[in-house]
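Heads up: the structure comes next, in structure tokens.
In this chain, numbering begins with 1 at the start of the sequence shown.
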Amino acid sequence: MTEAPAGNAALHATPYGTFAPASPMPSRRPMSLPRLQEMRTRGEKICMLTAYDATFAAVADAAGVETILIGDSLGMVCQGLASTVGVSLETMRYHTESVTRGLYRAQATAWVIADLPYGSYHESREQAIRSASVLMQAGAHMVKLEGGGWTTDTVHFLVERGIPVCAHLGLTPQTVHALGGYRVQGKTEAGAVQLKKHAHELQDAGAAMLVLEMVPHQIATELTQELLHCATIGIGAGNGTAGQVLVLHDMLGMNLGKMPKFVRNFMQDAGSVRGAMEAYVAAVKNGSFPDNAVHAW
């Protein structure tokens with residue numbers, strides 16, 4: 001018969017191991033909007049990565065990832081859906097709670113962003129704030145929504161009521177059917193003009209961050225220089241943005257389908273998940289990822 005752990009260890013023993021009696025002291029101060037803006041102002045790249053559960057979130061935090069996005073991409077990489085359209089608000093709430101629990105089991109310094117899923121903010125500003133409140137109460141520090149033009153009023157409504165907002169332009173996966181597939185956006189002169197117009201409107205409405213997905217790198221770089229109060233986060237938008245984001249499963253080489261052009265498999269040479277995350281952070285910080293000749297348009 002195995003003896004029970006002695007002393008205080010017995011209080012923390014589980015079938016899966018022994019929990020530490022307390023979280024370790026953080027190795028950095030918690031992220032905040034002012035700190036992220038300071039990074040953007042001084043030119044230090046912001047590193048963002050998706051996470052959908054407690055363990056991967058805690059490892060990402062310990063690896064130095066500044067911002068964790070609970071993306072509706074979970075519909076594809078966790079649920080096996082064909083697109084993000086089928087993800088519900090309740091699913092996003094569940095994963096947001098899971099991620100934030102994991103962070104508070106560790107150092108809890110990352111800034112947490114949760115996606116507002118398809119159909120949860122399209123009806124009205126009032127619907128948007130109800131949906132955003134669900135995710136904020138689940139532990140998010142900020143919510144993200146897709147699209148420009150009609151979303152500007154919604155962004156202003158949320159920000160005015162104390163809910164930080166990250167916008168998302170370029171390829172917007174929730175409207176992939178309307179866009180005709182996963183295509184680069186802003187390639188034409190008219191498309192670039194509209195994208196820039198929407199970006200400036202979103203900044204003026206109070207969006208503090210802006211994801212630019214599958215946008216020509218020259219357009220993304222120009223926008224980054226123009227938007228002084230809104231940090232651009234690129235994914236397939238070149239290395240001229242204020243920061244980068246990748247889907248966790250993609251950067252670990254675990255994609256179930258075709259690997260997108262803008263992805264690099266950081267797990268290949270890392271030897272561990274944390275090592276891959278640390279390599280990703282280092283590559284974003286030193287500017288070696290993304291490589292415009294390889295990962296951008």
Scan the side chains in residues 203-217 for donor-acceptor partners under 3.5 Å anywhere in the protein, sequence neighbours excluded, and list what turns up.
residue, atom, partner, partner atom, Å
Q203, OE1, L228, N, 3.2
Q203, OE1, H229, N, 2.9
Q203, OE1, C230, N, 3.4
E213, OE1, H168, NE2, 3.0

Y121 (side chain) donor-acceptor with E146 (main chain) under 3.5 angstrom: yes
Lys/Arg cation over aromatic Y104: R101, 6.0 Å, 45° cone: no
side-chain hydrogen bond (donor to acceptor under 3.5 Å, both in side chains) partners of residues 258-274, not counting sequence neighbours, each pair once: R274-E278
From CE (M254) to NE2 (H249), nearest 0.5 Å: 5.0 Å
Whether D115 side chain and P117 backbone form a donor-acceptor pair below 3.5 Å: no
Geometric class of the Y52/H95 ring pair [parallel <30°, tilted 30-60°, perpendicular >60°]: perpendicular
Minimum heavy-atom distance between A192 and G186, given as atom pair plus value: CB-O, 3.7 Å
Minimal non-hydrogen separation, R40 against A242, with atom names: CG-CB, 3.9 Å
Test side chain to side chain contact (heavy atoms under 4.5 Å, CB included) applied to Q244 and I233, step by step: CA-CA 5 Å; Q244 297 292 328; I233 307 295; 5.5 Å; no
Stepwise side chain to side chain contact (heavy atoms under 4.5 Å, CB included) test for F266 and M277: CA-CA 7 Å; F266 285 88; M277 292 180 179; over 6 Å; no
Where H198 and G149 come nearest, the two heavy atoms and their spacing: CD2-N, 3.5 Å
Expected output: side-chain T50 to main-chain L69 donor-acceptor under 3.5 Å: no
A282 backbone acceptor or donor facing N286 side chain under 3.5 Å: yes
Side-chain donor/acceptor of D250 to backbone N/O of V263, under 3.5 Å: no
Residue R161 excluded, over 12 heavy atoms near CZ under 6.0 Å: yes
Test item: V87 and M92 side chains (from C-beta on) under 4.5 Å apart, heavy atoms: yes
Nearest-0.5 Å distance that lies between atom NZ in K45 and atom CG in N239: 6.0 Å
Path from V85 to L145 over hydrophobic side-chain contacts below 4.5 Å: no
Worked verdict on S88 versus T91 for side chain to side chain donor-acceptor pair (under 3.5 Å): CA-CA 5 Å; S88 69; T91 297; 2.9 Å; yes
Gap separating the CD atom of Q185 from the CG atom of L195, nearest 0.5 angstrom: 8.5 Å
Evaluation steps, side chain to side chain donor-acceptor pair (under 3.5 Å), between T154 and R125: CA-CA 5 Å; T154 300; R125 301 179 308 175; over 6 Å; no
Presence of salt bridge, E66 and R35, under 4.0 angstrom: no
Side chain to side chain donor-acceptor pair (under 3.5 Å) between Q127 and H122, worked out: CA-CA 8 Å; Q127 183 203 26; H122 301 68; 5.5 Å; no
T175 and T172: side chain donor to acceptor below 3.5 Å: yes
R105 side chain vs T55 backbone, donor-acceptor pair below 3.5 Å: no
Flag side-chain contact, heavy atom, 4.5 Å: Q37 against T41: yes
Spacing of Q225 atom CD and T241 atom OG1 [to the nearest 0.5 Å]: 11.5 Å
Distance in Å, I113 CD1 paired with L135 CG, rounded so as to fall on 0.5 Å steps: 12.0 Å
Minimum heavy-atom distance between Y182 and S83, given as atom pair plus value: OH-CB, 4.1 Å
Contact check, side chains of V165 and M142, non-hydrogen atoms, under 4.5 Å: no
Intermediate values then yes/no, side chain to side chain contact (heavy atoms under 4.5 Å, CB included), L36 and M31: CA-CA 7 Å; L36 291 167; M31 287 292 144; 4.0 Å; yes
L202 vs L169 side-chain heavy atoms within contact, under 4.5 Å: yes
Euclidean distance, M48 CE relative to K144 NZ, rounded to 0.5 Å: 8.5 Å
Trace of the side chain to side chain donor-acceptor pair (under 3.5 Å) decision for T109 with Q107: CA-CA 6 Å; T109 60; Q107 61 177 8; 3.3 Å; yes
Closest non-hydrogen atom pair, L158 against A132: CD2-CB, 4.2 Å
Cluster check L179, W150: I/L/V/M/F/W/Y, side chain < 4.5 angstrom: yes
Check: Q174 side chain, L116 main-chain N or O, donor-acceptor pair, under 3.5 Å: yes
Heavy-atom side-chain contact between D61 and V65 under 4.5 Å: no
Same apolar cluster: V193 and V184, side chain cutoff 4.5 Å: no
Side chain to side chain contact (heavy atoms under 4.5 Å, CB included) between T96 and V134, worked out: CA-CA 10 Å; T96 301; V134 168; over 6 Å; no
Non-hydrogen side-chain atoms of I68 and W111 separated by less than 4.5 Å: no
4.5 Å side-chain heavy-atom contact, Y280 and C47: yes
A51 to V99 - nearest heavy-atom pair and separation: O-CG2, 3.6 Å
Transitive ILVMFWY side-chain link I129 to V159, under 4.5 Å: yes
Heavy atoms from other residues, nucleotides or ligands near CD of Q218 exceed 12 (cutoff 6.0 Å): no
Minimum side-chain heavy-atom gap V112-T100 below 4.5 Å: yes
Under 3.5 Å donor-acceptor, T152 side chain and E201 backbone: no
F56: partners by ring-ring contact (aromatic ring centres under 6.0 Å, His included), with sequence neighbours left out: none
Atom OH of Y118 with >12 non-hydrogen neighbours under 6.0 angstrom: no
